[in-house]
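These notes are about the structure you will find just below.
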Amino acid sequence: MVPQLGDPKDLSALRMQPAQEDVLTISQTLDKLLERDKVQVELIPEKKGLFLKHVEYQVTSQRFKISVYRRYSDFDVFHEVLLQRFAYRVVPALPPKRMLKGVLTSVSEREFIEGRRRALGRFINLVACHPFFSEDELVKTFLTFSGSDVQTRLRDTYKKMGDEFMTNRIATLAKEYLPADIQAQFSTSRELIRNIHNSFQRLRDRAEKMAERSQENATDLLLFGQELSTLGSEASPLPPLAPTQSTWGALCESFKSLSVEFVVLSDKATQQGRREEDDVVEKLNFFLDLLQSYRDLCERHEKGVLHEHQRALQKYGVMKRQMMSATVQSKEHATVEQLESRIVQQESAIQTMELRNYFSLFCLHQETQLIFTCLPITSHILGAFVSSQVQGHKEMGEVWNELQPKLGSLFASKNGLKSSN
């Protein structure tokens with residue numbers, strides 16, 4: 001049988017169709033996200049006499065290989081324009097602003113300033129590793145612009161671009177990419193993330209208590225050693241009824257020698273507290289900041305986009321009723337035309353809001369994926385927690401183990417007592 005090739009004209013219907021792009025899925029791993037950039041935020045206090053004039057931060061981007069100087073107000077403006085541009089994304093919150101009063105020597109002021117520095121560092125690192133923020137001109141401007149007025153530059157940059165809905169190529173087509181059960185998925189994910197957030201808040205609170213106890217332990221060990229040193233320096237003469245003069249003198253020497261070991265123990269406990277704060281509590285706060293920004297996004301979606309849409313529909317209904325009333329009552333032609341024009345404008349506004357609503361859901365779906373992509377960070381946190389405890393107990397154990405034979409040599413050999421090793 002001779003094969004039939006068919007009409008060559010039919011080949012025109014067999015054009016290769018490009019594979020549909022999966023624009024909804026974020027195909028990123030946690031490691032890839034964290035590798036996007038690492039930003040250091042260091043404190044540079046500027047003083048005027050004894051009083052603090054303002055606090056400045058050195059912000060260093062590993063990606064852009066540059067350091068710039070920023071004040072809190074610069075972070076504040078950056079956060080403002082970032083939220084305007086990416087209203088449908090997980091924009092982390094800034095730490096609270098507080099007017100600095102008094103001198104910098106206050107412990108409470110120092111703690112506040114250090115806490116704010118850490119929070120600003122978490123904020124900018126969450127932004128810098130976000131798959132959409134990290135490629136945006138606003139982020140590049142904040143991390144690289146070294147001019148005298150970064151705030152004006154940031155606002156000008158935003159004005160040129162507008163919000164994400166205006167620049168995203170699929171913004172008006174978002175509805176086509178959403179799964180049919182998007183609302184059900186959103187509700188389930190939101191509840192799960194809320195529970196995770198609440199649980200990790202409690203874990204963070206416990207980790208903070210542990211770090212505080214390590215610092216308290218360091219203080220107690222140091223005071224213990226100081227008391228031994230004071231006891232060893234006792235110069236009061238012994239009364240005649242004391243059996244021997246040499247025994248007490250030998251004990252005093254032992255006390256002074258032993259006090260040095262407690263300084264070492266105190267230093268180890270201080271290091272342990274810092275490890276727990278830097279490696280565990282800080283990682284927990286980083287994760288919690290991300291989860292909180294997701295919860296904030298969910299509220300913005302419900303109270304912002306959906307609320308505005310409902311208000312627009314209500315306004316549209318009022319206009320339609322006014323139009324019907326004007327037509328029935330045969331009001332002036334100009335009045336009817338004005339109502340018609342307003343109704344057309346409102347219909348256009350409602351259509352735009354509906355498109356924004358679907359785009360908001362589209363972004364919310366992507367941001368939910370981002371949160372789930374970041375969940376393995378919990379294993380990093382637990383790993384850091386275990387490592388800090390292993391290292392801390394090992395270092396403290398080594399000092400205590402070295403201390404035990406010294407006790408024998410210091411006391412037993414001098415005072416006729418057997419060592420209890």
Side-chain angles (χ1 to χ4, degrees), residues 18-34 36 82-93 123 126-136 138-139 161-200 286-310 312-313 350-378:
Q20 185 175 3
E21 185 182 1
D22 186 7
V23 295
L24 185 61
T25 303
I26 295 180
S27 55
Q28 295 275 352
T29 64
L30 175 61
D31 289 339
K32 288 294 183 183
L33 290 173
L34 296 177
R36 284 177 174 267
L82 192 68
L83 193 55
Q84 290 172 348
R85 173 143 174 75
F86 294 103
Y88 311 129
R89 303 284 182 188
V90 284
V91 178
F123 162 78
L126 283 170
V127 169
C129 70
H130 191 283
F132 298 105
F133 301 163
S134 60
E135 302 304 320
D136 194 76
L138 281 176
V139 175
M161 294 186 297
D163 77 339
E164 188 184 11
F165 180 78
M166 304 299 294
T167 58
N168 193 301
R169 61 186 178 83
I170 57 98
T172 58
L173 305 173
K175 182 180 180 180
E176 299 177 13
Y177 297 100
L178 292 174
D181 61 342
I182 180 64
Q183 292 291 358
Q185 288 189 35
F186 168 55
S187 297
T188 302
S189 299
R190 184 180 187 181
E191 180 66 17
L192 174 59
I193 292 170
R194 184 185 70 84
N195 292 337
I196 294 172
H197 183 233
N198 291 339
S199 292
F200 271 85
F286 181 85
F287 184 52
L288 287 170
D289 287 352
L290 175 63
L291 296 181
Q292 183 61 55
S293 65
Y294 178 82
R295 297 182 69 172
D296 293 343
L297 172 62
C298 293
E299 287 191 14
R300 283 203 305 275
H301 173 74
E302 291 186 339
K303 296 181 179 179
V305 178
L306 294 181
H307 182 64
E308 289 298 321
H309 189 202
Q310 290 171 355
L313 288 173
I350 290 172
Q351 184 180 12
T352 300
M353 287 181 185
E354 287 178 346
L355 291 174
R356 281 186 173 273
N357 179 44
Y358 285 120
F359 183 61
S360 178
L361 281 170
F362 177 91
C363 294
L364 194 53
H365 193 280
Q366 288 187 323
E367 298 303 289
T368 305
Q369 293 176 59
L370 182 64
I371 297 297
F372 285 122
T373 299
C374 291
L375 287 183
I377 203 172
T378 56

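Judged as a side-chain contact (heavy atoms from CB on, under 4.5 Å), and not counting sequence neighbours, Thr188 has no contacts. Ser189 meets the side-chain contact (heavy atoms from CB on, under 4.5 Å) test with Tyr294, Thr368, Phe372; sequence neighbours excluded. Residues satisfying the side chain to side chain donor-acceptor pair (under 3.5 Å) criterion with Asn198, sequence neighbours excluded, are Arg295. Checked against salt bridge (Lys or Arg N to Asp or Glu O under 4.0 Å), Asp163 has the following partners two or more places apart in sequence or in another chain: Arg356. Applying the side chain to side chain donor-acceptor pair (under 3.5 Å) test to Asp181 and every residue at least two apart in sequence or in another chain returns Gln185. Lys32 meets the side-chain contact (heavy atoms from CB on, under 4.5 Å) test with Gln28, Thr29, Glu35; sequence neighbours excluded. Applying the salt bridge (Lys or Arg N to Asp or Glu O under 4.0 Å) rule to Glu191 yields the partners Arg194; only residues at least two apart in sequence or on another chain are considered. With sequence neighbours excluded, the residues forming a side chain to side chain donor-acceptor pair (under 3.5 Å) with Glu367 are Arg89, His130, listed by chain and number. Applying the side-chain contact (heavy atoms from CB on, under 4.5 Å) test to Ser134 and every residue at least two apart in sequence or in another chain returns Arg36, Arg63. Under the rule for a salt bridge (Lys or Arg N to Asp or Glu O under 4.0 Å), the partners of Arg85 that lie at least two apart in sequence or sit in another chain are Asp136. For Phe86, the ring-ring contact (aromatic ring centres under 6.0 Å, His included) partners two or more places apart in sequence, or in a different chain, are Phe133.
For the atom pair Gln292 CD and Leu297 CG, the distance stands at 11.5 Å (nearest 0.5 Å). Distance check, rounded to the nearest 0.5 Å: CZ of Phe286 to CG of Leu291 gives 10.5 Å. Rounding to the nearest 0.5 Å gives a distance of 10.0 Å between CG of Leu33 and CD1 of Ile377. Atom-to-atom distance recorded for Phe359:CZ and Leu173:CG is 11.0 Å, nearest 0.5 angstrom. Rounding to the nearest 0.5 angstrom, the gap separating the NE2 atom in His365 from the CD1 atom in Ile182 is 4.5 Å. Between Gln366 atom CD and Tyr177 atom OH the span is 11.5 Å, to the nearest 0.5 Å.
For Glu176 (side chain) and Ile170 (main-chain N/O), no donor-acceptor pair under 3.5 Å exists by modelled atom type.
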Steps toward side chain to side chain contact (heavy atoms under 4.5 Å, CB included) verdict (Leu355, Lys175): CA-CA 8 Å; Leu355 291 174; Lys175 182 180 180 180; over 6 Å; no
Side chain to side chain contact (heavy atoms under 4.5 Å, CB included) between Leu178 and Phe362, intermediate numbers included: CA-CA 6 Å; Leu178 292 174; Phe362 177 91; 4.0 Å; yes
Side chain to side chain contact (heavy atoms under 4.5 Å, CB included) assessment of Glu302 paired with Arg190: CA-CA 12 Å; Glu302 291 186 339; Arg190 184 180 187 181; 2.7 Å; yes
Chi angles and distances behind the side chain to side chain contact (heavy atoms under 4.5 Å, CB included) call for Phe287, Ile196: CA-CA 10 Å; Phe287 184 52; Ile196 294 172; 4.2 Å; yes
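Considering every non-hydrogen atom in both Leu370 and Pro131, the closest pair reads CD1-CD, 3.9 Å. In terms of heavy atoms, Ile26 sits closest to Gln369 at N-OE1, 2.9 Å. Between Tyr88 and Cys363, the shortest heavy-atom distance links the atoms O-CB, 3.2 Å. Nearest heavy-atom pair across Val91 and Ser293 is O-CB, 3.7 Å.
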